[in-house]
Structure formats: C-alpha cells, structure tokens
Engineer: 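Next up is a structure, given as structure tokens.
Both ligands and their constituent atoms are indexed starting at 1 by order of listing. Note that the structure is a prediction, hence the values are computed from the model and not measured.
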Amino acid sequence: METAIIGGTGVYDPHILQEVREEVVRTPYGEAYVRIGSYLGREVAFLARHGQGHAIPPHRINYRANIWALKMLGVRQILATSAVGSLNRRLHPGECVLLDQFIDFTKGRPSTFYDGGEAGVVHVDYTEPYCPELRRLLLHAAKEASVCLFPRATYVCTEGPRYETPAEIRMFQRLGGDLVGMTNVPEVVLAREAEICYAAIALVTNWAAGISPTPLTHREVMEAMAANTEKLRALLRKALELMPAGRECRCHHAIRELGQF
Ligand code: HPA
C-alpha cells in the first residue's frame, strides 16, 4: 500500500477503511501494530500512535519501529493527526491546522535511523520538514470537503508526558511557536530519513498552560478530539480520494546522494 494514516490522541480507529486486517510487523527496533484496510479500492495502512486504548505515552512510543514498519509495507506517504495546545491567539480550540515547521524540545528520544557504525552518519535537510506536495493536497482536500484548515503553524514538541509550565509557554511564544504537542518529533524526522512523504494535521484541543483559564487535563483533550473527529475523518477521506496513485516526490529521494534508505 502507498498511503498510511498515523492516528494521534483520540484517533484510534480509522472508521474510514473496509475489510480491515491486523498485522504485526517485525523491525530491527521491535514490533509495530498496523491495521490494513481498503478505501475506494486502494489499500491504506492505519497505525495508532499511542496503541489501542492510549496505552503508550509520548516518550515511550517506538517511533523508529513504526516508521520502519510502514516503509517495509511499501508506504510512500503518511497523513498524521495530532492533538495540540495553542499558544497563538488566532488558533482556537476546535480548529484544524496544517503544520509547516517544528521546534524540537524533546530530550533523548532515539530520533534517527543513522546512528553511526554500520548505519552510517547522515545529515538530512529539513528546510521543508513537512512534505510541501502533501500539504498542498491537504489544503485542496479541505476546500473540497468544506473543512476549515489553517494553512501553516510552527509546532513545538515537548518531551512530556507532563504538560508545560506557563513560563515554558511564554518562552515558546517568543521563539515563534504556535502550537505545542508531544509526539510529532521524531516521527516527522524519521519519515524524511525513510524517504516517506509526511504531513500532519493538528487539532487544537486546548489553550496552552497559562493561557487556558483552567488547569489542563487529558480528559479535556480527549473530549475536544471526540467533538472534532468527524471533521478530521472527512478531511482524511477527501485526501485519500484525491491522492494520485504512484505519486513521485522529492521526499522519496531525500538522501539520494548518500544511497537510498
Ligand atoms: N501541551 C502538550 N501536548 C498537548 C497539549 C498541550 O497543551 N494539548 C494536547 N496535546
């Protein structure tokens, strides 16, 4: 299959795919659980980032196994969803936002396939960390599906699993961050290393700490996701419908000069 969906918080079941089967894919980094189904006659993979029932916290997700498994299945593009807090007053809870940059505040997560030794040393370009072609396709799909999708935002990735302090949020604002979450790095990084196109749709579930008038809870995040999953599904369905078969992209040759992935 060529397309995969990675479902973040609140998106555990594709509810888009038919004839779904489960596969456990063995990788050098461990096993990954992937569901494979069909949509409009094409096979699509679905991976629940936090596992079924949200059992895996952000810092323990096996990002390398997940991306490696999708690569082994033949995936060439990933559409990801992500729950985020907002530190930009223009991006309100309930809104869908297309990520276009990230700032990495994770600590010590394995975040590369190129760990030296036999794997080699590789420095990959992230001038455009999210695939520009997939981003265009998603913006077009949003229009067609009448879903309001804010076209760009800078995502700050924290280590979690705790939420941020207001002082951290003020720092992220000064650094140019718009949204905060705990999972997009290293997922987006590994996808590029694996030469897979990657785009992420963030759903704003809450105002960030210190902006929100109330303390943050995982429950409010889950409730905001539940209230908006239909919108996300409509957008994903339209994107799958518009996705050209056999598409080629620069992302598929991201490390060409160093030998393919
Ligand atoms: N901070 C970090 N991660 C999040 C948030 C937040 O406010 N909301 C949803 N995921």
Engineer: Does the N or O separation between Trp207 and ligand 1 drop below 3.5 Å for any pair?
Structural biologist: no
Engineer: Using a 4.0 Å cut-off to any heavy atom of Gly85, which atoms of ligand 1 qualify?
Structural biologist: 5 (C), 6 (C), 7 (O), 8 (N), 9 (C)
Engineer: Check ligand 1 against Thr205 and write out every atom of the ligand that is under 4.0 Å from a heavy-atom position of the residue.
Structural biologist: 8 (N), 9 (C)
Engineer: Can you pull out the closest protein heavy atom to atom 10 (N) of ligand 1? Residue, atom name and distance to 0.1 Å, please.
Structural biologist: Ala83 O, 3.3 Å
Engineer: Is it the case that the side chain of Arg26 and the backbone of Ala32 share a donor-acceptor pair, with hydrogens and angles ignored and the cut-off at 3.5 Å?
Structural biologist: no
Engineer: Is it true that Glu195 and Arg76 make a salt bridge, defined as a side-chain N closer than 4.0 Å to a carboxylate O?
Structural biologist: no
Engineer: Less than 4.0 Å between a side-chain N and a carboxylate O, is that true for Glu23 and Arg35?
Structural biologist: no
Engineer: Which of the atoms of ligand 1 are close to Gly181, meaning less than 4.0 Å from one of its heavy atoms?
Structural biologist: 2 (C), 3 (N)
Engineer: So if I count the atoms of ligand 1 from 1 in the order they appear, which ones are less than 4.0 Å from some heavy atom of Glu164?
Structural biologist: 1 (N), 2 (C), 6 (C), 7 (O)
Engineer: Taking distance alone, with N or O pairs closer than 3.5 Å, would you say Asn206 contacts ligand 1?
Structural biologist: yes
Engineer: So is Leu216 close enough to ligand 1, meaning a heavy atom under 4.0 angstrom away?
Structural biologist: yes
Engineer: Write out the residue and atom name of the closest protein heavy atom to atom 4 (C) of ligand 1, then the distance separating them to 0.1 Å.
Structural biologist: Val180 O, 3.7 Å
Engineer: Relative to the ring of Tyr198, is the ring of Tyr130 parallel (under 30°), tilted (30 to 60°) or perpendicular (over 60°)?
Structural biologist: tilted
Engineer: Would you call the rings of Phe105 and Phe172 parallel, tilted or perpendicular, taking 30° and 60° as the class edges?
Structural biologist: tilted
Engineer: Test Thr3 against Gln77 for side chain to side chain donor-acceptor pair (under 3.5 Å), laying out the working first.
Structural biologist: CA-CA 5 Å; Thr3 305; Gln77 56 254 345; 2.9 Å; yes
Engineer: Answer yes when Glu241 and Arg237 have at least one side-chain N-carboxylate O distance shorter than 4.0 Å, and no when they do not.
Structural biologist: no
